[in-house]
Each structure stands twice: as C-alpha cells, then as structure tokens.
Amino acid sequence: MFVSSQKYNPYFPCSSFPLHNPTTTTCTIFNCQKPKEHHSILRKHNSKSTAYLLQHLALKDGVPISTSIPKPSELLDPMPHDEKVKVLELSLVRKRTPQFPGSIYAQSPSDPDVGSSLPPIRTLFQSGADPDDKHEKEEEEEEMILRALEIRRKVTEEVFKEAMRKGKFGITYTTNLTGRLSGFLDHIMIEAANLKRLPGFSNSSFNLRAKTVIDESKVVPLIRWLKHNALSYPRIAKIILKSRGKPESIRSFVMWLKSVRVKGEFLGVVMLKAGDDILQRRHEELDEIVQYLESNGVRREWMGYVISRCPQLLSYSLEEVKTRTHFFLDMGLNEKDFGTMVFDFPRVLGYYSLEEMNEKVNYLKEFGLQLEDVGKLLAFRPQLMACSIEEHWKPLVKYLYYYGITRDGMKRMLIIKPMVFCADLEKTIVPKVKFFEDIGVHNEGIGNMLVKFPPLLTYSLYKKIRPVVIFLMTKAGVTEKDIGKVVALGPELLGCNIVHKLDVNVKYFLSLGIRLRQLGEMITDFPLLLRYNPDVLRPKYIYLRKSMIRPLEDVIEFPRFFSYSLEGRIIPRHKVLVENHINIKLRYMLACTDEEFHKMVKDLIGKRRKFESAVTEDISTPQA
C-alpha cells in the first residue's frame, strides 16, 4: 500500500510561501493489495503541495497524467487586497515583530534580512492569464508599488529618527524635524537603493544601506551645529532641503557668512532668502561682491548687517550689483552717502527691481525736485523706496490736497520730514487729523500746521500729542475754547517733552507771580512761550524789572517780549528811548524793524517838541 486507507495528514515538503486561502480538494488514496478499492477523502492543502502530489504520483506509476499539471501560480487563488498589504508591510518593516511558536511567517534572529523568511514580494504582482483582467491587474500592481514606496519611506524615516536619537536629540525635536524633511528622506531612500548595485552592499539590508548613507552625509552632526548657531528646526529643515542632497555645502557657506560677520539667527535667514542656488555658488563670486561694496563706501564691519537685512544681494551677479550701485551714484551720491544709505536701509540696494525704483524716482521729481535733490532725499531717508506709489503716495497726496496743501507745501513736507510719505494714511495720519478737528482746528489751520511743522504727523497720538494737549488745558491754564488756536499757532509745542520742558517753564512763570489764568492767556497769545529755556528767559526778565523798571503786567500783556534778543534788540532800543526820554509800550518798542523804530522815535520827538513849544507859547502869552 502506498498510502494507508485511513485518514492521515501526510507531510509534503513545501516552499516558504504562506498557506493563504487553503482549498478543500478530493484526494483518492489507492490500496496496493486491493487495487480496485479506493477511498475519497477531503484534505486541506495549498497549491504547491497539490502540484507536488500530482507530480509524485505520475512519476511513481510511470503513467503520464492525462490532464496537464497546473503551475503553482495557476492554482493560486486571487489574494485579497488586505492580505497583499499585510504581506507587503511585513516584508518592508524595519524591525522584526515578535512571533509565537508555529507562526506561519517565522522570522529567525539570524536572518540577514528582516524579510528573508517571508514570501517573495514578486508573487504579489503576478498578472492573471485572462486578458480581460490585465488592465485591472496593472492598476492593482501600480497601487501596490506606491504602497511599497510609502512603506519604504516610513522605514527610512525610522532609520533617520534612530540616527537622530543616537545624536542625543530629543524625541519631540526629532519628530518635528523629520516631519519637515520628506524630500531629504527620499534622497536617502534613493541613495540606499543605489548602494545595492555595489558589490560591498549587494547582500546587505536596506536598513544598513540607509544608515550608511546618513552616516556618510554627516547630516546629524550638521543639524547639531546649526542648532548651536541659533537656528530653529523649521529653518534647519528648509536649509537641508535646499542643499539638494549635499549637506556639506551648508557648513561651508555658513563659515563664509561668519567671515563677513553674519551672526546668530541671521545665518538661517540669509541661507533661506539668498536664492535657490546660493549653496551651489562659488565663494570667490561672493567675495567679489563684498569687495565691490567695500570700494563704494560700505564698510567691512557693516557687511554682516547689510547681508543679514538684505540676503537677496548674494543672489545677484557682480554685474547686477554694479548696475544697482550706479543707479544711486548717478544721482549725485558720493561714496560716504551711498555707504550710510545702504547701512541705514540695506533693502534699498537689493530688494526692489530697477524698474520699480526708476518709477518711484520719477514720481518724486513731479513735486518739483531735481535728480540731485531726490538723491539727497534717498540718502537721508532710503525707506522711501519701500513705499508703494499706488497704495501710499497717491492716496496721501489726495488727502493733503483736500486740506489745502499745495504742491510746494508737499515739497516742503517731503524735504523736512520725508518719513511722512512712508507713514500709513489710515492708521497714522487720519486719526491725528481727526483729533485736531475735534479740538477745534479748522481745515485751513490743519493744512498750515502740517506744512509749518511736518514732524507732527510722525508723533504718537496717544503717547505724545494727547498728553501735551491735556497738560496745556490742566496745568498751563489754556481753556478748551483756546486750545485749538494754541495748537494751530504753535504745533511745535506738541513735540516738547512734558516733564523736562513744558512743566519746567510753567513752574517758572508761575514763580514770577503770574496767575494760571493769565499764563493761559499768554500761551494763547504766544504759544511758543513754553518752548524757551528758563536760562534764556531769566536774564530778559531781570533786565525788564531792574533796568527798564517795567511792571509784570507789561510781560503779561506782551509775552512775545521773551522772543527777542536781549543784546541785539531789547537793550539797544531801550537805550535809545532813555536817551530821548521816551516811554512806550513793549509792543511798539520791539515789534518793528529798525527803520520803523527810528522813524517812530523821530516822530515822537517831533510831537513832543511841538507840544512843548505850544505849551511855552501859552505860558509866555499874558492874560488879558
């Protein structure tokens, strides 16, 4: 008997392919003693064991089987998609999962590769024999290939995380950084796959090859070094991706940046904003740019600051930098002015296009400025180049024109305080003008104020302007009715410091015996009274009281007395009046030119003589 008629579970050698979807098959067992007797039994087996049994029986009997022996691939039932994914993941996992005894996919610790005891992956991509299912099979194979790449990418990510952990990086930092390095991880995966072609790595696992690529790139020590230089992990990730698989170029470029005094976090800023190919540029080209800027007034110690604030400079060629430099030098700027302009606002040289800068220069010339005047203006306030014509300048010009400011007035504002044309109209200028209207300043007065004192628009409304107005109304005696007049006539007061200037002057005038209400009237008549230094006011007051022997009421009546020069006007004119025995009010004595003063004195002398002669005649005429 070849096989007993009893039911056995015979063992047949089989391959390592898993017993997926065992099929139930009827197997006939022959009895050698009674050939005519046979039994049909049900037996569960896989496709390969069935093929082996049929082939063995055919060879044993020496009789060819009428039916062709099917191939294992033909007997294999279609594998469900979930089973394929499971086999694929098991084949690509980085670590061996614990297996219980008798597991189908037994993985031995001595396996050279984690998937050595698993079924071949190529069995997952067998095309069916039916041509109608070919397209469906191709789509399924493409999906499985993409799934395999995704799993392999995850394996590479785990290998990279392990290398980071060995580099003493924390779990959170490693996870955050790795999540931003997808492109670099793909590079590692590709390089690790390429190592398979080398004889030394032909039999090595993917994990070993990926680890070799990471170690040879020295990316982990580079990350540590960049972190030591105050770079955050998002910037480190962007910089590594920018290196295009050559992390060693990052360290080289950082050393060059340090040689030109770029420091701290600006190292990352420069590498990110200096162009996509900045890590591939030769250092000799960058040195030429630096030397050219030095020859045109940008000092060596300023170079780090300039490059930090305008990294785009390094993205240009030397010829482009020369063209941009001559754009400003042709306006009449010398090397000193050019160097200080670039240091004050580095973006003026490398951030804006030449067409945009030309357009802005032409617009400024429409205010009546010459090209040299525009050059001086940009040298003093290069931030003007950062302003948009359509969004900043045109709305501002229209707004100022509404308050009666002419082109010449705008020109004066532009020359005295160009920063006004850099201010935000809605957030900075409009609230201040609205405040002036609320305290009683008329539209024409507002226009005159702004032309007379343009820096007013650059002051903070809540930290400077409002506190001064409140001080004038509460501490200086200015009434609510007159506060608008005071601000309109003396907008310079709004720029004075309350503690060190206004309060000191108010206390000085009150110490002279002037009442608060009277001081308020004096300020209303002459708002600039509070701008003078007490050391200047004191000698004039002493001369008024002791030499001119004038009462305090004269000063209250004419507070402008303190605005005239003691040596240049007050003393000389007082002597003339004393010599001619004339006594007039301070207003008539000082508020006129020298010609008008001498004519007035002469007229007064003539009137006095006529009066004296008339009186003499009256006295000499005898009474009837």
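None of the values given here were measured: they were computed from a predicted structure. As a basis for the values below, the full set of heavy atoms in this structure was taken, side chains included, without hydrogen atoms, waters or symmetry mates.
- A salt bridge is defined here as a Lys NZ or Arg NE, NH1 or NH2 lying under 4.0 Å from an Asp or Glu carboxylate O, and D503 with K507 meets this definition.
- Remark: Y403 engages Y399 in a ring-ring contact (aromatic ring centres under 6.0 Å, His included) (not counting sequence neighbours).
- Among residues two or more places apart in sequence or in another chain, the side-chain hydrogen bond (donor to acceptor under 3.5 Å, both in side chains) test is passed with K227 by none.
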Side-chain donor-acceptor distances from residues 447-460 under 3.5 Å, at least two apart:
from, atom 1, to, atom 2, distance (Å)
N448, ND2, E444, O, 3.2
K452, NZ, L489, O, 2.8
T458, OG1, P455, O, 2.6
S460, OG, K463, N, 3.2

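- Contacts classified as side chain to side chain donor-acceptor pair (under 3.5 Å) and involving residues 169-195 (residues at least two apart or in different chains) are given here: R153-D186.
- In this model, a donor atom of one side chain and an acceptor atom of the other lie less than 3.5 Å apart for R324 and Y316.
- Under the rule for a side-chain hydrogen bond (donor to acceptor under 3.5 Å, both in side chains), N362 has no partner lying at least two apart in sequence or in another chain.
- Y305 meets the ring-ring contact (aromatic ring centres under 6.0 Å, His included) test with F343; sequence neighbours excluded.
- Looking only at side-chain heavy atoms (C-beta outward), L293 and M303 come within less than 4.5 Å of each other.
- Aromatic rings from F338 and F327 are positioned such that their centres are separated by 6.0 Å or more.
- The shortest side-chain heavy-atom distance between V306 and L349 does not fall under the 4.5 Å cut-off.
- We find that E157 and K154 are not joined by a salt bridge, their nearest charged nitrogen and carboxylate oxygen being 4.0 Å or further apart.
- Ion pairing between R282 and E285 holds under the 4.0 Å rule for side-chain N and carboxylate O.
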